[in-house]
Amino acid sequence: MLRILFVLLLSLSATPAVAAPGPVLVLGDSLSAAYGISPREGWVALLEERLASAKPIRKVVNASISGETSAGGLARLPALLKEHAPALVVVELGANDGLRGLPLAQLRANLAKILEAVRGAGARAVLVGIELPVNYGPHYRDGLRELYRGLAGEFNVPLVPFLLDGVALDPALMQDDGLHPRAAAEPRVLENVWKVLEPALM
């Protein structure tokens, strides 16, 4: 009888195991793939370091590819969702669509399908906006800004308005191509993402 009581008390006092949260998946292009610098210096690697010391620890999967377009990201996403079962997906796409002058309507449609797929997989999303050089003209650049704002509102997801805010216009922080940040700029890039991403992790 005493033995049975002891076993019952142990079962009641035992702390239930808590499953680790799913990873953060970053679906991006060269701006998230640490183009031109060491992968360890990129903002996604810096994010991984930060989350490795958080409680609970969050894994980061960087599925970013230099040159990636919204269509490419959309095509790869189903397999990534199946393989990694992320809790949150950071969507950083559109720069290459814009640099190629692709129609904004097509970019919007692709990003909308990406956000729908993330939601359908039971994950949350953070949308990251980008800006284009001034030579693309105000009509295209303004339309791009509105595109990200509109999608964030439609899908009720947090928005990082501009990934390279505080970086893109400083030549000392940009590589010679004028498109990609130097390693010294990556902590600032992370902070641009972090102030939006952190609340979404709660």
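Numbering of residues begins at 1 and proceeds along the displayed sequence.
Between Leu93 and Leu111, some side-chain heavy-atom pair lies under the 4.5 Å cut-off. Side chains of Leu99 and Pro133 form a contact here, defined as non-hydrogen atoms less than 4.5 Å apart. Taking 4.5 Å as the limit, some side-chain heavy atom of Val90 sits within range of a side-chain heavy atom of Val24. Between Leu107 and Leu144 the shortest side-chain heavy-atom distance falls below 4.5 Å. Side-chain contact between Asp29 and Ser66 is absent, with no heavy-atom pair separated by less than 4.5 Å. Put simply, the side chain of His139 does not reach to within 4.5 Å of the side chain of Leu104, judged on heavy atoms. By the 4.5 Å heavy-atom criterion applied to side chains, Val44 and Val60 are counted as neighbours. Counting only heavy atoms from C-beta outward, the side chains of Ile114 and Val89 never approach each other to under 4.5 Å.
Asn62 places a side-chain N or O within 3.5 Å of a backbone atom of Ser32 that can act as its donor or acceptor partner. For Glu41 (side chain) and Ala183 (main-chain N/O), no donor-acceptor pair under 3.5 Å exists by modelled atom type. When atom types are taken as modelled, the side chain of Tyr148 and the backbone of Leu127 share no donor-acceptor pair closer than 3.5 angstrom. A donor-acceptor pair under 3.5 Å is absent between the side-chain atoms of Glu83 and the main chain of Leu80, judged by distance alone.
Shown here for Ala95 and Leu132, the closest heavy-atom pair between the two residues is O-CD2, 4.1 Å. The two residues Ala121 and Leu81 come nearest to each other via the heavy atoms CB-CD1, 4.0 Å. The heavy-atom pair separating Pro187 from Leu46 by the smallest distance is N-CD1, 3.8 Å. In terms of heavy-atom proximity, Ala117 sits nearest to Leu77 at CB-CD2, 3.7 Å. Residues Pro39 and Ala34 share a closest heavy-atom pair of CA-CB, 3.8 Å. Smallest separation of non-hydrogen atoms from Ile37 and Pro181: CG2-O, 4.2 Å.
To the nearest 0.5 Å, atoms CG (Leu164) and CG (Leu31) are separated by 5.5 Å. To the nearest 0.5 angstrom, Trp194 atom CH2 is 6.5 Å from Leu47 atom CG. Taking CH2 of Trp43 as the reference point, atom OG of Ser64 lies at 7.0 Å (rounded to 0.5 Å). In this structure, the separation between CG on Leu51 and CD on Glu198 is 9.5 Å, given to the nearest 0.5 Å. Here the CZ atom belonging to Arg124 is positioned 5.5 Å from the CG atom belonging to Leu88, to the nearest 0.5 angstrom. Interatomic distance, OG1 of Thr69 versus CG of Leu74, reported as 9.0 Å (0.5 Å rounding).
Judged by distance alone, the side chains of Asp97 and Ser70 do bring a donor and an acceptor atom under 3.5 Å apart. Looking only at atom types and distance, the side chain of Arg188 has a donor-acceptor partner in the side chain of Asn192 under 3.5 Å away. Remark: the His180 side chain and the Asp177 side chain contain an N/O donor-acceptor pair separated by less than 3.5 Å.
In the displayed structure, Phe155 atom CZ is contacted under 6.0 Å by more than 12 heavy atoms of other residues, nucleotides or ligands. Annotation for Arg149: atom CZ counts as buried by contact number, over 12 foreign heavy atoms lying within 6.0 Å. Under a cut-off of 6.0 angstrom, the local environment of CG in Asn156 is sparse, with at most 12 non-hydrogen atoms contributed by other residues, nucleotides or ligands.
The residues Glu154 and Arg108 are annotated as salt-bridged, a charged nitrogen and a carboxylate oxygen being separated by less than 4.0 angstrom. Under 4.0 Å is where a charged nitrogen must lie from a carboxylate oxygen, and between Arg58 and Glu48 no such pair does. Salt-bridge check for Arg50 with Glu191: passed, with a basic side-chain N closer than 4.0 Å to an acidic carboxylate O.
In the hydrophobic cluster analysis, where Ile, Leu, Val, Met, Phe, Trp and Tyr join through side-chain heavy atoms closer than 4.5 angstrom, Val91 is grouped apart from Leu102. Ile65 and Leu25 sit in two unconnected hydrophobic clusters of ILVMFWY residues. Membership requires side-chain heavy atoms under 4.5 Å apart, directly or through other members. Linking Ile, Leu, Val, Met, Phe, Trp and Tyr whenever their side-chain heavy atoms come within less than 4.5 Å puts Leu179 and Tyr136 in one cluster.
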Could you give me the CA-CA distance, side-chain angles and deciding distance for Asp176 and Arg182, then say whether side-chain contact (heavy atoms from CB on, under 4.5 Å) is met?
CA-CA 9 Å; Asp176 292 341; Arg182 298 182 188 274; 3.4 Å; yes
Would Val193 and Leu163 count as a side-chain contact (heavy atoms from CB on, under 4.5 Å) here? Give the steps.
CA-CA 7 Å; Val193 176; Leu163 179 66; 3.5 Å; yes
Go through the steps for Met174 and Val167 under the test side-chain contact (heavy atoms from CB on, under 4.5 Å), then give the verdict.
CA-CA 7 Å; Met174 297 295 290; Val167 172; 3.7 Å; yes
Applying side-chain contact (heavy atoms from CB on, under 4.5 Å), run through Arg145 and Phe162 and close with a yes or a no.
CA-CA 9 Å; Arg145 292 189 195 103; Phe162 179 29; over 6 Å; no
